[in-house]
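Inspection log for the structure reproduced underneath, given as structure tokens.
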2 protein chains.
Amino acid sequence: MPQKPIICTIDVVLLCLQGSALHVALLKRDKPPFEGGYALPGGFIHPEEDADTLDAAARMLNEKTGIASPYLEQLCTFSGAARDPRGWSISIVYYALVPAELIKPDRAPGLQLQPVDQLRTLPFDHKEIVLAAVERVRSKSSYSSLPVYLCGEQFTLPRLQAVYEAILGEPINKVSFRRKMDELDMLEPVEGALEAGRANRPAQLYRLKNQYRNRLSLSGRAMTANSDH
Amino acid sequence: MPQKPIICTIDVVLLCLQGSALHVALLKRDKPPFEGGYALPGGFIHPEEDADTLDAAARMLNEKTGIASPYLEQLCTFSGAARDPRGWSISIVYYALVPAELIKPDRAPGLQLQPVDQLRTLPFDHKEIVLAAVERVRSKSSYSSLPVYLCGEQFTLPRLQAVYEAILGEPINKVSFRRKMDELDMLEPVEGALEAGRANRPAQLYRLKNQYRNRLSLSGRAMTANSDH
DNA sequence: TTACTTAGTTGCACTATGCTCCTAAGTGTT
DNA sequence: AACACTTAGGAGCATAGTGCAACTAAGTAA
């Protein structure tokens, strides 16, 4: 006995760092419900051969925002009668981390960045979803290398440390931080490349080692290194 | 533009410990596809007011196995065209941990326990799902109090340590283990209750503190204590 | 009473973490 | 050219956390 049709959607929580505050990308809705309101990029699921919802999320995100996120992982699935005025629904939610420079507002009409720590009420249960994603990112950041995906392709250790501190909301000891990064063994120095342009000793530029670049997380299992060993 | 109907199911990975091996509960299927095969307890989603898929999973599990699991948490959602011969489908998967004594085969016809480390091929993508659940449980066990849900209501610390060791697959230092349990601050001794019947010093019985008993995890967020503080 | 077994604890060695201070390497100023 | 200033990066030590071994505690069996 197959069920009657269920509203099945995908939503993506796209996060980036502006200044020292995590921001979430919201899109102006051009259809009811909540037409004109700002909500998470998302859409109905269209079953396709050879594609699961991870592929669908990546494609949907790219179509709606022009962004191909190197890190995309399933958060969890939200369901219930109250979350969508059209009736009982489920939404499979993914979250993505990108460097802020990758978000070009001209490329995506109606795109807006909001700081996650002063989030206004959002359509559907999207505020709750964003907060769940942020909690996940903060939690994973405390023992893994997740935050590197918020930096550009090349970055200095002081910059990366500032990113960690922004996410975790507390200062980190410089020496311990560098030791930890060394243990994780995910970064490699870019030969002869130093950060220029400032009136002090330039910092070494680093990048993700090849095996960690441009990976999408499969089936909710993370591909970031963590500090177990 | 609403989508055409999608096959939406819920599946539950019910785990318990027999001897020192994690086992998963499988049910004999009485309908095609895979009629007669053993698969995860699951079923179609029937949208209902005031219930999300966590409630649905708890109710479905109870109906099919007679078990009301105190720990039930969302694992993740699996999707794709290959996982179900009837076509593209999604399954929202939960996992549950129960003491083995709670599983009474007479209460649930067709129920069978299989050790997760020598799992034969299962219908659909259920083997992959079980392995993902086991990986999650092992990973969470290394920093949280998850394994207490595999014990009965009262248990000794040596017993609980054996449970941890069975899950993690490696011996744990006795003193460190007790220190950690003490830090987590989830257990309380049962006044004057000792484990009897063996030819040696009896061990103190413990139980979960009240605030941790009989909770279902909300929206994928765990309610177990972990070692951060 | 003695041997045996497992529970539970105490103290110490070792490992990991955090902190302070030092040196390095650039720019800007005099 | 010399010096002040700033931030990068690292060395050495103090402190905290973890693991180990040896001990005491409390029961049964002979």
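Labels below follow one simple rule: chain letters A, B, ... track the order of the sequence lines, proteins then strands, and each chain is numbered from 1.
Of the residues in residues 152-166 of chain B, those lying under 4.0 Å from DNA chain C by heavy-atom distance are B/P158.
Rounded to a whole Å, the CD atom of A/Q204 is 11 Å from the C1' atom of D/dG9. Rounded to an integer number of Å, the gap from CD of B/E195 to P of D/dA25 is 21 Å. The distance between atom CG of A/D182 and atom P of D/dG9, rounded to the nearest whole Å, is 13 Å. Look at CG on B/N173: it is 14 Å from P on D/dA22, rounded to the nearest Å. Summarising the geometry, the separation between CD1 on A/I172 and P on C/dC19 is reported as 12 Å, rounded to the nearest angstrom. Atom CZ in B/F177 sits roughly 17 Å away from atom C1' in D/dC20 (whole-Å rounding). Between A/L205 atom CG and C/dG26 atom P there is a gap of 14 Å when expressed in whole angstrom units.
One finds no side-chain N or O of A/S176 lying less than 4.0 angstrom from the OP1 or OP2 phosphate oxygen of C/dT17.
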Between N or O atoms, less than 3.5 Å apart, protein on one side and nucleotides 13-15 of chain C on the other: list the pairs.
none

Under 3.5 Å between N/O atoms: give me all the protein pairs with nucleotides 10-15 of chain D, atom names plus distance.
none

Protein N or O to nucleotides 26-30 of chain D N or O, pairs below 3.5 Å:
| unit_1 | atom_1 | unit_2 | atom_2 | d |
| --- | --- | --- | --- | --- |
| D/dA26 | N3 | B/R201 | N | 3.4 |
| D/dG27 | N2 | B/A199 | O | 3.1 |

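Heavy atoms only, all atoms of each residue included: B/G42 and B/D11 are closest at CA-OD1, 3.4 Å.
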Tell me which donor-acceptor pairs under 3.5 Å the side chains of residues 109-125 of chain B have, and how far apart each pair is, sequence neighbours excluded?
| unit_1 | atom_1 | unit_2 | atom_2 | d |
| --- | --- | --- | --- | --- |
| B/Q112 | OE1 | B/Q114 | NE2 | 3.1 |
| B/Q112 | OE1 | B/R120 | NH2 | 3.4 |
| B/D117 | OD2 | B/R138 | NH2 | 3.3 |
| B/D125 | OD1 | B/R83 | NE | 3.4 |
| B/D125 | OD1 | B/R83 | NH2 | 3.1 |
| B/D125 | OD2 | B/R83 | NE | 2.8 |

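Residue pairs meeting the ring-ring contact (aromatic ring centres under 6.0 Å, His included) criterion with at least one partner in residues 166-197 of chain A, sequence neighbours excluded, are A/Y164-A/F177. Listed by first and then second residue, the salt bridge (Lys or Arg N to Asp or Glu O under 4.0 Å) pairs that reach into residues 156-178 of chain A come to none, sequence neighbours excluded.
A salt bridge does not link A/R207 to A/E191: none of the charged side-chain nitrogens sits closer than 4.0 Å to a carboxylate oxygen.
The side chain to side chain contact (heavy atoms under 4.5 Å, CB included) test applied to A/R201 returns no partner, not counting sequence neighbours. Remark: B/S139 engages no residue in a side-chain hydrogen bond (donor to acceptor under 3.5 Å, both in side chains) (not counting sequence neighbours). With sequence neighbours excluded, the residues satisfying side chain to side chain contact (heavy atoms under 4.5 Å, CB included) with A/A51 are A/E48, A/D55, A/R59. In this view, A/A82 satisfies the side chain to side chain contact (heavy atoms under 4.5 Å, CB included) rule with no residue, not counting sequence neighbours. Remark: B/E195 engages B/T156, B/R198, B/A203 in a side chain to side chain contact (heavy atoms under 4.5 Å, CB included) (not counting sequence neighbours).
Considering CD1 of B/I10 and CD1 of B/I92, their distance stands at 6.0 Å, rounded to 0.5 Å.
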Evaluate A/L14 against A/V24 for side-chain contact (heavy atoms from CB on, under 4.5 Å), listing each step before the verdict. CA-CA 6 Å; A/L14 177 64; A/V24 59; 5.8 Å; no
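Distances from the side chain of A/K180 to the nucleotides C/dT17, D/dG19, C/dA7 place C/dT17 closest.
Heavy-atom neighbours of B/K209 NZ from other residues, nucleotides or ligands within 6.0 Å: above the threshold of 12.
At a cut-off of 3.5 Å, with distance as the only test, no side-chain donor of A/Y149 or A/S69 sits close to an acceptor on the other residue.
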